[in-house]
Amino acid sequence: MKKQILTLTLACLMTAPAAAADGPVFGPGEPLAPNLQAGPGTVTYPTPQIDVSSGKVLSIDDLEGRVISSNLQVQMMKQQLKALKDMDVDEAVSALNEQANQLTTLAQTLQNMMATPEIQQNPVMTGLLTSNCAILNMQAAQLKSQASSTESQLDEQIDTLEEQFRDAENQLVFAAESTFLAIKSMEGSYEDLTRQRAILAATTTEMQKRFELGQISALQLQETKNGMTQLESGIATLAMNIENTKGDLALLLGRNPNDGYTLAALPLITDEQVNSINFDRDVSEVIRRSTEVRNAREALDDAEDAEDGSRYSENAARLTYENTINSVRQNFQKLCRTVTDKRQLVTAAQSDFALAQKNFDVQKTKYDNGQISQNAYDSAKATLETSRNAVTTAQTNLYTAYMKYDWALRGIVSAS
């Protein structure tokens, strides 16, 4: 039966880097776009800013190496493993045997005392000493048994700790990469909101002038201003969430949460990578490597080896093991399907962007010819940039899906 040993705890768990690390990249890879140029007389509103260009550029391909080399939990686990490997087994065995001999000697001393006439004439003392002798001899036997198995137990503990260490390390890397992608997604939303803010600011200026000319009511003007207030609140909250999440990522990397850094653009997931996915070919390897399946298998082994276990407990453990395999198989199949789905969404977003580019070209020509207003031109430009950002978002989602597939091959099968 597998011995219970040190338990490793992860403080935060939020996939392997994609194979296209050396290929083309997508995303802004630079500070967020500034607000659109406002026309004369525009009412200005200060936009909450996030410092996306501070510090060094951090690539998602850098994360695994940084977690392994700098994460404080990883360093703690390395020290635990080193301490266990450095343990002097012979010294430990000798100490256990010495303790056992001391207990045996003490038991013999009590036994000799029981032979004296004074003790033999005292039934209470005789019973007490007999009980103590039995306890001491039992403890001595336990220590000798522990001494004889210490070396094999230590080897088993080291093997188990190394296994737990690898699992924990992978979970931390997975968490770091997932956090990186969450930040990229929020930064994309931030760009969209700042573009919406620019358009709404121009609209508010126009509504203010119309109110002054008596064309709209004070209520209509106030509704527009309230919309700006709500948008500003949403931008401020998003900016705060981005900074908080960047601090979380910094901690996973073993850095000060206040250290500034910029997220690099993500590698593109190619059609070749997507087309290479094969559920029937990969599912056996995924099940073999799955941490969940391995834990369920070990629980079944313990149930089968338990001397005081019942057949009901063993059957329950076997059903749990079979259910775990089925769950991992189903979740992996969903991951494979999701990658294909996200690729077609990238294609759709690229098609929408191409159409938006054509519409913008038409609007720009009209603006250059004086046929449309500055506001109409700015709106068309914002629509184009939003469409461009939608492509980036779709590519981020594809990367996320492929990364989860890639991590499934390493033993971490995400449920979604």
Side-chain angles (χ1 to χ4, degrees), residues 24-53 184-217 220-232 234-236 238-239 262 264-266 268 345-397:
V25 296
F26 67 88
E30 58 187 16
L32 297 182
N35 293 339
L36 299 176
Q37 182 66 38
T42 299
V43 178
T44 59
Y45 296 83
T47 303
Q49 293 296 319
I50 54 175
D51 194 3
V52 298
S53 59
K184 295 294 287 185
S185 179
M186 286 190 288
E187 286 184 347
S189 297
Y190 182 87
E191 291 188 28
D192 282 340
L193 289 179
T194 54
R195 278 189 288 271
Q196 293 176 28
R197 177 199 174 280
I199 296 301
L200 188 54
T203 300
T204 302
T205 299
E206 180 181 338
M207 296 293 281
Q208 179 69 41
K209 292 179 179 178
R210 292 181 63 189
F211 171 73
E212 293 170 357
L213 294 173
Q215 297 176 348
I216 63 171
S217 66
Q220 289 174 303
L221 176 61
Q222 188 60 47
E223 288 175 346
T224 303
K225 290 183 177 180
N226 287 349
M228 174 62 78
T229 300
Q230 293 174 1
L231 184 57
E232 292 289 352
I235 292 175
L238 185 56
T262 301
L266 292 168
L268 280 173
L345 291 177
V346 169
T347 301
Q350 290 171 334
S351 178
D352 289 343
F353 173 68
L355 179 59
Q357 181 68 61
K358 292 179 180 179
N359 289 335
F360 173 74
D361 292 341
V362 172
Q363 295 300 96
K364 185 177 185 304
T365 299
K366 289 182 179 180
Y367 175 74
D368 293 340
N369 294 333
Q371 296 175 297
I372 62 173
S373 66
Q374 176 74 45
N375 284 355
Y377 171 77
D378 287 345
S379 179
K381 184 176 181 181
T383 299
L384 176 64
E385 292 305 316
T386 298
S387 180
R388 188 198 310 275
N389 197 50
V391 174
T392 301
T393 298
Q395 289 171 324
T396 299
N397 293 338

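Each residue takes its place number in the sequence, starting with 1. Here the structure is a predicted model, which is why all the values come from computation and not from measurement.
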Determine, step by step, whether Q208 and T205 satisfy the side-chain contact (heavy atoms from CB on, under 4.5 Å) criterion, reporting the C-alpha distance in whole Å, the side-chain angles of both residues, the deciding distance to 0.1 Å, and the verdict.
-> CA-CA 5 Å; Q208 179 69 41; T205 299; 5.6 Å; no
Starting at CD1 of I216, measure out to CD of E206 and round the result to the nearest 0.5 Å.
-> 9.0 Å
Output the distance between atom CD (Q363) and atom NZ (K381), rounded to the nearest 0.5 Å.
-> 14.0 Å
Exercise: identify the closest heavy-atom pair between A349 and A390 = CB-O, 4.0 Å
Any pair with a residue in residues 356-371 that passes salt bridge (charged side-chain N to carboxylate O under 4.0 Å, His left out), sequence neighbours left out, goes on the list, sorted by first then second residue, please.
-> K364-D368
Rounding to 0.5 Å, atoms CD (Q196) and CG (L231) come to a distance of 6.0 Å
Close side-chain approach of L238 and L193, heavy atoms under 4.5 Å = yes
Donor-acceptor pair, side chain of S351 and main chain of T347, under 3.5 angstrom | no
Could you tell me the separation between the CG atom of D192 and the OH atom of Y190, rounded to the nearest 0.5 Å?
-> 12.5 Å
Considering residues at least two apart in sequence or located in another chain, which fulfil the side chain to side chain donor-acceptor pair (under 3.5 Å) criterion with Q222?
-> N226
Test item: N389 side-chain N/O and E385 main-chain N/O as donor-acceptor pair under 3.5 Å = no
Relative to each other, are the rings of Y377 and Y367 parallel, tilted or perpendicular (30° and 60° limits)?
-> parallel
Under 3.5 Å, is there a donor-acceptor pair between the side chain of K184 and the main chain of A264?
-> yes
Reported CG-to-CD distance for the pair L221 and Q215, which is rounded to 0.5 angstrom = 12.5 Å
May I ask you to test the Q220-T224 pair for a side-chain heavy-atom distance under 4.5 Å?
-> no
Given Q374 and D378, is the side chain to side chain donor-acceptor pair (under 3.5 Å) satisfied, shown in steps?
-> CA-CA 6 Å; Q374 176 74 45; D378 287 345; 2.8 Å; yes
Who passes side chain to side chain donor-acceptor pair (under 3.5 Å) against Q371, sequence neighbours left out?
-> none
If you measure from CG on L345 to CG on D352, what distance do you get to the nearest 0.5 Å?
-> 10.5 Å
Taking every heavy atom of T204 against every heavy atom of M228, the minimum-distance pair comes out as OG1-CE, 4.3 Å
